[in-house]
Every structure is written in C-alpha cells, then in structure tokens.
K.L.:
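This is the structure I have questions about; it appears just below.
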Amino acid sequence: MSFNDKIIWITGASSGIGKALAIELSNQNAKLILSSRKKEGLELVKNQCKNKEDVKIVILDLEDYSNLQLKADEAIAAFGKVDILVNNGGISQRSLISETNIEVDKRIMDINFLGTVALTKAILPHFIKNKKGHFVVTTSIVGKIGTPLRSSYAASKHALHGFFDSLRAEQHQNKINVTLVCPGFVNTNVSKNALTGNGTPQKKMDVATENGIQPERFAKLMVKAIKNKKEEVYIAGAKEKLGVYVKRFLPKIFSVMVRKLSVT
C-alpha cells in the first residue's frame with residue numbers, strides 16, 4: 001500500500017501517538033483529517049505536517065457520541081471521501097476497583113468504547129458504498145490482559161477487540177479491513193491524563209510510561225502495520241508481549257505474575 005493521496009482520518013490527533021502518526025503519514029504524502037477536542041493542539045500538529053494544505057481539522061468529542069454522524073459527514077466533505085479511519089482517541093485510568101466511582105467507569109467506557117463504536121458506525125456506510133475502507137484501532141496490551149489500576153480501561157479495550165473482530169468478519173466481502181494495534185508502554189502523557197477513582201486526572205508520569213517506546217518510533221511501526229493490513233499487532237517491549245502469550249497459554253502462571261505487579 002502507498003499512502004500517496006490516501007485520505008486518513010485520525011482521532012486523538014492533538015498529542016501522543018496520534019500526533020506522531022499524523023506527522024509520519026504526512027511525510028508519506030497522505031492527506032489527513034485530524035480530530036480531537038483541542039483545536040489549538042490540532043493546529044500545532046497541522047503546522048508540523050509536511051503539506052499543511054493537505055491537512056484538515058474536525059473538532060470532536062468522543063464522549064458526545066450522539067453528535068458523531070455530523071462529524072463523519074464533515075470529515076467526508078473535507079476531501080470528498082475517507083480511505084482509512086484511525087480510531088486512536090481515548091483515555092486511561094489509574095485507580096483500584098474498590099476506590100473507583102461508577103461514574104468514572106462509565107466515562108471511560110463512553111469515550112473509549114461507545115465513542116469509537118459510534119464514529120465507526122457513522123463512517124461505515126461510506127466504506128460499504130465505496131466497497132473499500134480500513135479501520136485502524138489503537139487498543140492496548142491490556143486489551144488482551146487485565147492488570148491492576150486499569151480495570152475499566154482494560155474492559156474498554158477488550159470490548160474494542162470483540163467489536164472489531166466481529167466487524168472484520170461481517171464486512172470482508174466489502175473489502176473493509178480492520179487493524180487492531182496494541183501498544184505497550186509509550187512515552188506520552190497518557191498516564192498524566194489518566195483518570196483516578198474520583199474522576200480527576202492523575203497528573204503524574206508513571207515510571208514505566210516514561211521508559212516506554214518513543215511515539216515517533218511507535219508511529220513508524222504502526223504505519224508499517226497499516227500498510228501491510230495486519231489484523232492485529234503488538235507494539236511493545238519484550239516483557240509486555242510475553243505477558244500476552246503467557247496469559248493465552250499459561251493462564252495460571254500469568255495470574256501469579258500479575259499479582260506481583262506494584263499497585264503504587
């Protein structure tokens with residue numbers, strides 16, 4: 001696949017993985033639609049892209065998923081079509097189940113799962129009509145395994161796997177592809193913005209996150225997976241990848257391992 005003149009819509013594009021992905025794709029001559037809640041941040045990303053005239057901005061809030069059909073229509077109108085939707089927007093969590101308000105659980109599911117599903121359903125008829133399309137979804141290694149302090153975050157990412165595996169099976173005849181990208185620790189502000197039990201941001205960087213893959217390196221690997229139309233890819237450190245396979249094939253050993261993880 002060449003990205004020359006491909007029209008790629010990226011959510012969560014104002015920072016982190018989304019920002020790095022936008023810049024990398026612009027270097028490969030893609031035309032971009034960038035979305036998040038933060039117009040100022042999106043403008044800064046646009047100004048770092050190779051061809052700014054080929055970058056459009058659509059402001060949206062995944063939590064307001066009743067409004068996303070209008071946003072999909074706006075995105076399609078920007079260049080006349082959309083070839084790839086990168087569902088990258090979301091929010092993380094750092095709180096024990098016993099200390100997390102149910103409203104926080106709901107907000108995480110609304111943003112990470114229902115918002116993504118609503119946006120996907122809004123653009124799906126466009127892909128079906130064109131008999132082609134590609135959904136790329138940023139899930140997580142914890143979309144495959146559950147770890148402490150991330151219960152509803154993990155649940156939302158697990159849910160994305162179930163939904164998009166079903167979508168892939170339903171829409172293969174329409175040549176619609178699905179790529180599930182599972183990051184491990186990436187050095188972004190995800191842990192600073194993560195919700196605590198009362199719904200406020202954690203406002204500090206986790207050590208593991210700080211030591212994670214640089215977003216620019218992650219974006220290059222993510223672009224490679226998109227280009228090759230991978231169904232599922234793990235972009236993570238060796239220990240994080242190992243956890244996925246230990247969980248799959250040696251679940252009791254995994255349970256012992258995960259109990260030893262620090263919850264501080």
Side-chain angles (χ1 to χ4, degrees), residues 1-14 17-19 21-22 25-26 28 30-39 42 45-46 49 54-91 109-139 143 156-157 159-181 222-223 225-227 229-232:
M1 178 195 292
S2 169
F3 291 111
N4 283 333
D5 295 323
K6 289 287 185 183
I7 297 155
I8 305 176
W9 186 10
I10 307 171
T11 66
S14 58
I17 290 172
K19 173 184 175 181
L21 183 64
L25 286 168
S26 76
Q28 299 197 30
K31 295 182 178 180
L32 302 175
I33 304 162
L34 306 181
S35 289
S36 80
R37 293 177 298 133
K38 301 173 182 177
K39 183 178 180 180
L42 293 173
V45 175
K46 178 178 179 177
C49 288
D54 288 334
V55 180
K56 307 295 184 183
I57 288 174
V58 174
I59 307 299
L60 64 76
D61 183 354
L62 288 172
E63 194 171 7
D64 182 18
Y65 48 82
S66 64
N67 191 40
L68 294 182
Q69 184 61 62
L70 293 175
K71 299 300 180 179
D73 294 342
E74 184 179 346
I76 293 167
F79 293 106
K81 65 171 182 172
V82 173
D83 295 306
I84 302 171
L85 170 60
V86 182
N87 283 305
N88 175 70
I91 194 164
M109 293 300 294
D110 281 350
I111 295 171
N112 292 359
F113 180 64
L114 291 176
T116 297
V117 167
L119 193 63
T120 296
K121 288 188 172 187
I123 204 76
L124 181 59
H126 178 68
F127 285 177
I128 293 172
K129 180 181 177 181
N130 293 338
K131 292 291 182 180
K132 63 179 180 178
H134 194 167
F135 291 106
V136 179
V137 189
T138 304
T139 71
S156 69
K157 299 299 187 176
L160 288 173
H161 278 260
F163 180 86
F164 281 97
D165 282 345
S166 294
L167 177 61
R168 184 192 296 113
E170 290 179 1
Q171 293 298 329
H172 72 280
Q173 75 277 8
N174 288 318
K175 298 182 179 179
I176 295 172
N177 298 292
V178 173
T179 297
L180 293 162
V181 179
M222 186 171 180
V223 165
I226 297 169
K227 185 176 291 187
K229 297 182 179 179
K230 293 285 189 180
E231 290 196 356
E232 187 168 297

K.L.:
Of Phe135, Trp9, Tyr65, which is the lone residue that meets side-chain contact (heavy atoms from CB on, under 4.5 Å) with Leu119?
P.N.:
Trp9
K.L.:
What pair of heavy atoms forms the shortest contact from Ile33 to Ala75, and how long is it?
P.N.:
CD1-O, 3.3 Å
K.L.:
Is any side-chain heavy atom of Val55 less than 4.5 Å from a side-chain heavy atom of Val45?
P.N.:
no
K.L.:
Are Ile10 and Leu25 packed together at the side-chain level, in the sense that at least one heavy-atom pair is separated by less than 4.5 angstrom?
P.N.:
yes
K.L.:
Could you tell me if the side chain of Lys6 sits less than 4.5 Å from the side chain of Gln28, heavy atoms only?
P.N.:
no
K.L.:
Are any non-hydrogen side-chain atoms of Leu60 and Glu74 less than 4.5 angstrom apart?
P.N.:
no
K.L.:
Enter the distance from Asp64:CG to Ile111:CD1 here, rounded to the nearest 0.5 Å.
P.N.:
11.0 Å
K.L.:
Answer yes or no: does atom NZ of Lys19 have more than 12 heavy-atom neighbours from other residues, nucleotides or ligands under 6.0 Å?
P.N.:
no
K.L.:
Can you measure from CD1 (Ile128) to CD (Glu170) and round to the nearest 0.5 angstrom?
P.N.:
9.0 Å
K.L.:
Would you please classify the geometry between the Phe163 ring and the Phe113 ring as parallel, tilted or perpendicular, with 30° and 60° separating the classes?
P.N.:
perpendicular
K.L.:
Closest heavy-atom contact between Ala22 and Cys49?
P.N.:
O-SG, 4.1 Å
K.L.:
Determine whether Lys81 and Lys31 make a side-chain contact, defined as any pair of heavy atoms from C-beta on separated by less than 4.5 Å.
P.N.:
no
K.L.:
So among Lys229, Lys230, Arg168, His134, which one has a side chain to side chain donor-acceptor pair (under 3.5 Å) with Thr179?
P.N.:
His134
K.L.:
Tell me which one of Thr138, Thr139, Thr120, Thr116 satisfies side chain to side chain donor-acceptor pair (under 3.5 Å) with Asn87.
P.N.:
Thr120
K.L.:
His126 side chain to Ile76 main-chain N or O, any donor-acceptor pair under 3.5 Å?
P.N.:
no
K.L.:
Taking Lys131 for its side chain and Gln173 for its backbone only, find out whether a donor-acceptor pair lies under 3.5 Å.
P.N.:
no
K.L.:
Say whether, by atom type as modelled, one donor and one acceptor occur between the side chain of Thr11 and the main chain of Asn88 under 3.5 angstrom.
P.N.:
yes
K.L.:
Tell me whether Asn174 contacts the main-chain N or O of Ile176 through its side chain, where contact means a donor paired with an acceptor under 3.5 Å.
P.N.:
no
K.L.:
At their closest point, which heavy atom of Gly90 faces which heavy atom of Leu62, and how far apart are they?
P.N.:
N-CD1, 4.4 Å
K.L.:
Just verifying a value: how many Å separate Asn177 CG and Ile226 CD1, rounded to the nearest 0.5 Å?
P.N.:
11.5 Å
K.L.:
To check you understand the geometry: which heavy-atom pair defines the closest contact between Ala13 and Ser36, and what is its length?
P.N.:
N-CB, 4.1 Å
K.L.:
Shortest non-hydrogen contact from Val223 to Phe3?
P.N.:
CG1-CE1, 3.5 Å
K.L.:
Measure the CD1-NZ distance between Ile123 and Lys71 for me, rounded to the nearest 0.5 Å.
P.N.:
13.5 Å
K.L.:
Does Ile7 offer a backbone N or O that forms a donor-acceptor pair with the side chain of Asp83 under 3.5 Å?
P.N.:
yes
K.L.:
Would you check, one step at a time, whether the test side-chain contact (heavy atoms from CB on, under 4.5 Å) holds for Asp165 with Leu180?
P.N.:
CA-CA 9 Å; Asp165 282 345; Leu180 293 162; 3.5 Å; yes
K.L.:
Quick one: pull up OG in Ser156 and NE2 in His161 and give me the separation to the nearest 0.5 Å.
P.N.:
10.0 Å
K.L.:
Using atom types as modelled and distance alone, determine if a side-chain donor or acceptor of Asn112 lies under 3.5 Å from a backbone N or O of Ile91.
P.N.:
yes
K.L.:
Mind listing the closest non-hydrogen atom pair of Lys56 and Ala78 along with its distance?
P.N.:
CG-CB, 3.9 Å
